[in-house]
2 protein chains.
Amino acid sequence: MKIDPNSAADLSAQIASAIRDAIVDGDLIVNQRLPSEAELSEQFEVSRPTVREALKRLAAQSLIRTQRGATGGAFVNKLSFEEAYPQQITTSTLLLSMNAVSFETACEARYALERSCAPLSAKRRSADHLATMRAEIHRQSQPGLTDEAFCASDVAFHRALVDGAQNPVLSYQLAGAVEAMQPLMNMITFSARDRAKIIELHTQLADALDAHDAGGADAALAELESYTTNLAVSVMEKRSSKA
Amino acid sequence: MKIDPNSAADLSAQIASAIRDAIVDGDLIVNQRLPSEAELSEQFEVSRPTVREALKRLAAQSLIRTQRGATGGAFVNKLSFEEAYPQQITTSTLLLSMNAVSFETACEARYALERSCAPLSAKRRSADHLATMRAEIHRQSQPGLTDEAFCASDVAFHRALVDGAQNPVLSYQLAGAVEAMQPLMNMITFSARDRAKIIELHTQLADALDAHDAGGADAALAELESYTTNLAVSVMEKRSSKA
DNA sequence: CAATTTTCATATGTCTTACATTTAATGTTT
DNA sequence: AAACATTAAATGTAAGACATATGAAAATTG
């Protein structure tokens, strides 16, 4: 673990990079304690604030955690799926909003990914997942629900569907795609009629999973995708004609 | 943007969180300059090193970039897909290695996601994507190729397939899943016979995309998945019986 | 006057030192 | 032996200084 003081990059970035590589390469293993800040500053021949900046960079990526006190220090963190979710969601959300990704593109990606989960979810979903989906459907049918709440419930419904596949890797990857869609969806006004149609398709989807019917689930998702896409298109058109 | 000095969390974490929220909520827009470190330390009533630690946290997530000099400072960064890839790949890789995700689970996720891209890729792939895939197939058939290089080429092949869907959101999400598989795949020894079979299926896949044949592509991927999974199982069995 | 060079102000990058706070281990007293 | 006090080690925070990069304004020059 050495750094080049003549490099263009910041020292703290170089140090963070060196430690990150050590973690990825397995030279530092989970729960292993890193040298203290004072020791690291000696090893890298930099000051303690510089070392601290490097450690904060790693902490921001959940690669390490720090503990104060006598036996404290920086420890290689066991990155859990639960910890990684929010990061993934924040990044995905910003990617969509900052890169002017069209609703169509985001929607296409989301449903493509979801449809890849559907067969697995039809096979493995637990009663719990089904119950969550039914509960969200029920919430969606409540009158007086704001559009934001309707969309949030939609997200929860679809996450239950994805989680039903019982594959943490899929759930992690999908979390970003599904959650990041919400800000885009929030821009849509759902009429009572739209909601009824969506709820109908959600019910169809839940029924299919209930019956372990992969084909039925896929069909419902396909219809949901085209309905959502068309809805977005017509909403955008109305809005632009008014403006 | 205020912080609670009595909170359990570090001040730098709180400050980073406050600024991050401002960015996500759109209160700070792309390329907007943040106040200088000195100004931020006044606003938040903390010292400059603390502010710097907060900014480094944000920089580690590519949410800001900093520039030295007279007109320098910290700017809200336009998060690009290109920038987000490595993060996503690092995180995915660590998630797999630190959570003892089985080869089966990772493989299932990867192929499920890839199969969701296949129909889109069959429709939209460019000549460039096809060329990349053919080139990788050619590389894979070279004798004397190490297992690591074979796996790396496999990853490149599959990324070209995914990119063929021409959906940046899909490419981003899949990058993690596909690349993170490589360390797991590197643990497998591929016999000449295995390689021949895989190359045959890759060719079949490329041919299907060439012919815009979504069904053929899906079939090839399905076969590839089951072949890969069985291969891994038998390799693991051999290894455990030897040990 | 235009082009070039110099100066200068500003901001981040880094170092040094100091003190505060947390925490577990150690020692002391009852 | 148990409760309490002490201590040492580590991170968290602060303050001030200097180094360095950089754009803009000022001075100089052809």
Side-chain angles (χ1 to χ4, degrees), chain A residues 1-20 23 28 31-78, chain B residues 1-20 23 28 31-78:
Chain A
M1 291 210 294
K2 281 173 191 170
I3 55 173
D4 170 19
N6 299 323
S7 162
D10 296 352
L11 291 177
S12 71
Q14 288 182 63
I15 294 170
S17 190
I19 299 178
R20 177 165 37 243
I23 294 175
L28 293 170
N31 291 329
Q32 186 173 338
R33 184 181 173 283
L34 273 64
S36 71
E37 294 174 355
E39 288 170 315
L40 285 173
S41 63
E42 270 190 32
Q43 284 183 29
F44 287 111
E45 297 179 331
V46 299
S47 68
R48 212 185 126 210
T50 302
V51 166
R52 281 182 62 80
E53 286 178 10
L55 294 180
K56 295 313 167 197
R57 291 177 120 103
L58 298 173
Q61 298 179 295
S62 304
L63 296 188
I64 62 167
R65 62 178 187 280
T66 56
Q67 213 174 359
R68 295 179 70 170
T71 59
F75 298 84
V76 178
N77 192 34
K78 174 170 175 179
Chain B
M1 290 209 295
K2 281 172 191 170
I3 56 173
D4 170 19
N6 299 323
S7 161
D10 296 352
L11 292 178
S12 70
Q14 289 182 62
I15 293 170
S17 191
I19 299 178
R20 177 165 37 242
I23 294 175
L28 293 170
N31 291 330
Q32 186 173 338
R33 184 180 175 282
L34 273 66
S36 72
E37 294 174 355
E39 288 170 316
L40 285 173
S41 64
E42 270 190 33
Q43 284 183 28
F44 287 110
E45 298 179 332
V46 298
S47 68
R48 208 183 131 211
T50 302
V51 166
R52 282 182 63 79
E53 287 177 9
L55 293 180
K56 294 314 165 197
R57 292 179 117 108
L58 298 173
Q61 297 179 297
S62 304
L63 297 187
I64 61 168
R65 61 177 189 281
T66 55
Q67 212 175 355
R68 295 178 70 170
T71 59
F75 299 83
V76 178
N77 192 36
K78 173 169 175 179

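Note on naming: letters A, B, ... go to the chains in the order of the sequence lines (proteins, then strands), and numbering restarts at 1 for each one.
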Which value, rounded to the nearest 0.5 Å, describes the distance between B:K56 atom NZ and A:D10 atom CG?
-> 5.0 Å
Between A:E39 (CD) and D:dA10 (C1'), how many Å, whole number?
-> 10 Å
What is the per-nucleotide protein-contact pattern of nucleotides 16-25 of chain C, from the 5' end, where B denotes a base atom under 4.0 Å from a protein heavy atom, S denotes such proximity for sugar-phosphate atoms only, and - denotes neither?
-> B-B--BBBB-
Determine the sole option in A:L63, A:N31, A:L34 for which the side-chain contact (heavy atoms from CB on, under 4.5 Å) test with A:V76 is passed.
-> A:L34
What heavy-atom pair brings A:Q14 and A:A9 nearest, and what distance separates the two atoms?
-> NE2-O, 3.2 Å
Keeping the roles fixed (side chain from A:Q61, backbone from B:Q61), state whether a donor-acceptor pair exists under 3.5 Å.
-> no
Does A:T50 put a side-chain nitrogen or oxygen below 4.0 Å from OP1 or OP2 of C:dC15?
-> yes
Write down the distance between CZ (B:F75) and P (C:dA11), rounded to a whole number of angstrom.
-> 11 Å
What does B:R65 touch in the nucleic acid at a heavy-atom separation under 4.0 angstrom: a base, only the sugar-phosphate, or nothing?
-> nothing
Flag the pair B:L55 / B:L40 as yes when at least one side-chain heavy-atom distance between them is below 4.5 Å, and no otherwise.
-> yes
Starting at CG of A:D10 and ending at P of D:dT20, how long is that distance when rounded to a whole Å?
-> 14 Å
Could you state the CD-C1' distance from B:E37 to C:dT14, rounded to the nearest angstrom?
-> 11 Å
In whole Å, what is the span from the CG atom of B:L40 to the P atom of C:dT12?
-> 8 Å
Rounded to the Å, how far apart are A:L11 CG and D:dT20 P?
-> 12 Å
Nearest-Å distance for atom pair CD/C1', residues A:E53 and D:dT11 = 15 Å
How long is the line joining CD of A:E42 and P of D:dA10, in whole Å?
-> 12 Å
Do the side-chain N and O atoms of B:S36 and B:E39 include a donor-acceptor pair separated by under 3.5 angstrom?
-> yes
